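Every number for a ligand or one of its atoms is a count from 1 in the order of the listing. Because the structure is a prediction, the values reported are computed rather than measured. Excluded from the calculations below are hydrogen atoms, water molecules and symmetry mates; all remaining heavy atoms, backbone and side chain alike, are included.
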Amino acid sequence: MEKKIRVRFAPSPTGGLHLGGVRTALFNYLFAKKHNGTFILRVEDTDQTRFVEGAEQYILDCLNWCGITPDESPEKPGAFGPYRQSERKPSYKQYADQLIEAGFAYYAFDTPEELNEKRAANANFLYGQKTRMEMRNSLTLGANEVTDLLAQNTPHVVRIKMPSDEHVSFNDMIRGHVSFDTNLVDDKVLLKADGMPTYHLAVVADDRAMEISHIFRGEEWLPSAPIHILLWKYLGWEAEMPQWAHLPLILKPDGNGKLSKRDGDRLGFPVYAMNWNDPKTGDITKGFKELGFMPEAFVNLLAMLGWNDGTDKEIFTLEELIGSFSVDRISKAGAKFDFEKAKWYNHEWIKNSSAESLQATVSSALLAAGIEVEDEKFLLKVIDTIKDRCSLLGDFVAQSAYFFTAPTTFDEAAVKPKWNLEKADFFREFASQITESATASELEEAFKTLAAEKNIKPGEVMLPLRVMLVGGKFGPGVFDIAVLLGATETKSRIENAVNIFNG
Ligand code: GLU
């Protein structure tokens, strides 16, 4: 029988969710959905020192916002729970025992002081093949002594015993054949003094227990792969081993190294999916959501970081991504993150969204800016008129506020230097010609005819008209604005501004 497709996103709840983490979740999700599989969220919270209150809920919120909701998770347990490693604590010790029994792991009794001394003497100290025989562990101490130390509950850890002169290799779905020299890998801790497993033991035990079929994770985990593969073998599970795929790194905009949160702070763009409120420091780190990204655009741009469908197509819905996704189109090379390109995706998504689908978001953004929309139909027209000028959802406020409240300040510098009584005259006359039923092209026609009659170049009065209606030098076609505002409002804005410019 073919193995069921089961994949997992396995974050540690230690803080904000980096966009690379969301991309890992997304690729897991796409692979699962493409193959009628199951997408699992497993919370890897065995490192109690790094645990952060609220981070798990935050991860779930981010996944929900993106629309990549797990089929099994701590909040929606399936048959393989619990889904938090801390709650699985009692299950791991048996594997550490089994490994020790078989000679693949050993007890280490070195105190933190002893380890610090070694590190002080040698900054590159690694606990492993070259050094393990100088340390206090079950390989160097007599059997009786080890039994006594254990009986006295002497603090100890369990370490894997890395074999010498071996090559651990596997076939990565993205990278192909990958091989590691075991001499270069240290004896990682598997079980800590508090009885908690480390990541290495827990990840292998749980991937097996949860019947994970494929592992998609970031390239930063590649150096851990030999340890995991040896554990699968040493525990006698080799035949059940999942397939591995290490996703390319997301790089800084200049391509020099992995994109970090600090790069975002430095260069002025978000790196987290949603606002992260650090409970320890009280600092809030801005996320893509709050900056005004549509979740569809965010997911779309993440998918294109290291993947494409083999054509020039760049805009994909989640459904289309599921349909087109294939692992052999994931690239090995790191993907540079370009915030301008990210905004381009969002702009495309906003532009192609219906006014109705943007209505609620724009309405509440306006309300937050103190503008209460009374006529929802009018709002829909406004959205349609300005949406292709917005790259971020927040842009709707600046781009549309003047439709709801007449400008109180004007870009006078753009108008005043060339203002004169002839222009004032022109505008008063133009205002008197505006009728409620006129279309934008009729208004434009009337405007140009009147300018010609008065010997004024239309270009000279076009910008003043815009400033009168909008307050500044931006916005869609000025006659479209006039039609949307209606004759009464347009006339009143022109008259008011003429008085100001005259004064
Ligand atoms: N807990 C690891 C993380 O924080 C999971 C790595 C893996 O997928 O094996 O990303």
- [ ] Around atom 1 (N) of ligand 1, find the nearest protein heavy atom and jot down its residue, atom name and distance.
- [x] E44 OE1, 2.6 Å
TODO: Run the salt-bridge test on E320 and K313 with the 4.0 Å N-O cut-off and return the result as yes or no.
DONE: yes
TODO: Would you mind listing which atoms of ligand 1 come within a distance below 4.0 Å of any non-hydrogen atom of S12?
DONE: 1 (N), 4 (O)
Task: Option passing side chain to side chain donor-acceptor pair (under 3.5 Å) with N137 (candidates Y127, Y107, Y106) - done: Y127
- [ ] Name the closest protein heavy atom to atom 5 (C) of ligand 1, giving the residue it belongs to and the distance to 0.1 Å.
- [x] A10 O, 3.1 Å
Open item on the list: What protein heavy atom lies closest to atom 6 (C) of ligand 1? Include the residue and the distance to one decimal.
Closed with: Y199 OH, 3.3 Å
Task: Nearest-neighbour protein heavy atom for atom 8 (O) of ligand 1, which is reported as residue plus atom name and distance - done: R8 NH1, 2.7 Å
- [ ] In plain terms, say whether R88 and D206 are close enough for a salt bridge, that is, a side-chain N and a carboxylate O under 4.0 Å apart.
- [x] yes
TODO: Distance to 0.1 Å, residue and atom name: give those for the protein heavy atom nearest to atom 10 (O) of ligand 1.
DONE: W221 CZ2, 3.3 Å
Open item on the list: Out of all atoms in ligand 1, which are within 4.0 Å of some heavy atom of V203? Include the element for each.
Closed with: 9 (O)
TODO: Using the side chain to side chain donor-acceptor pair (under 3.5 Å) rule, take R217 and H246 through it: C-alpha gap first, then chi angles, then the decisive distance, then the call.
DONE: CA-CA 5 Å; R217 61 183 180 187; H246 290 87; 3.0 Å; yes
Task: Carboxylate-amine/guanidinium contact R266 D263, below 4.0 Å - done: yes
- [ ] Using a strict 4.0 Å threshold on nitrogen-to-oxygen distance, state whether K343 and E348 make a salt bridge.
- [x] no
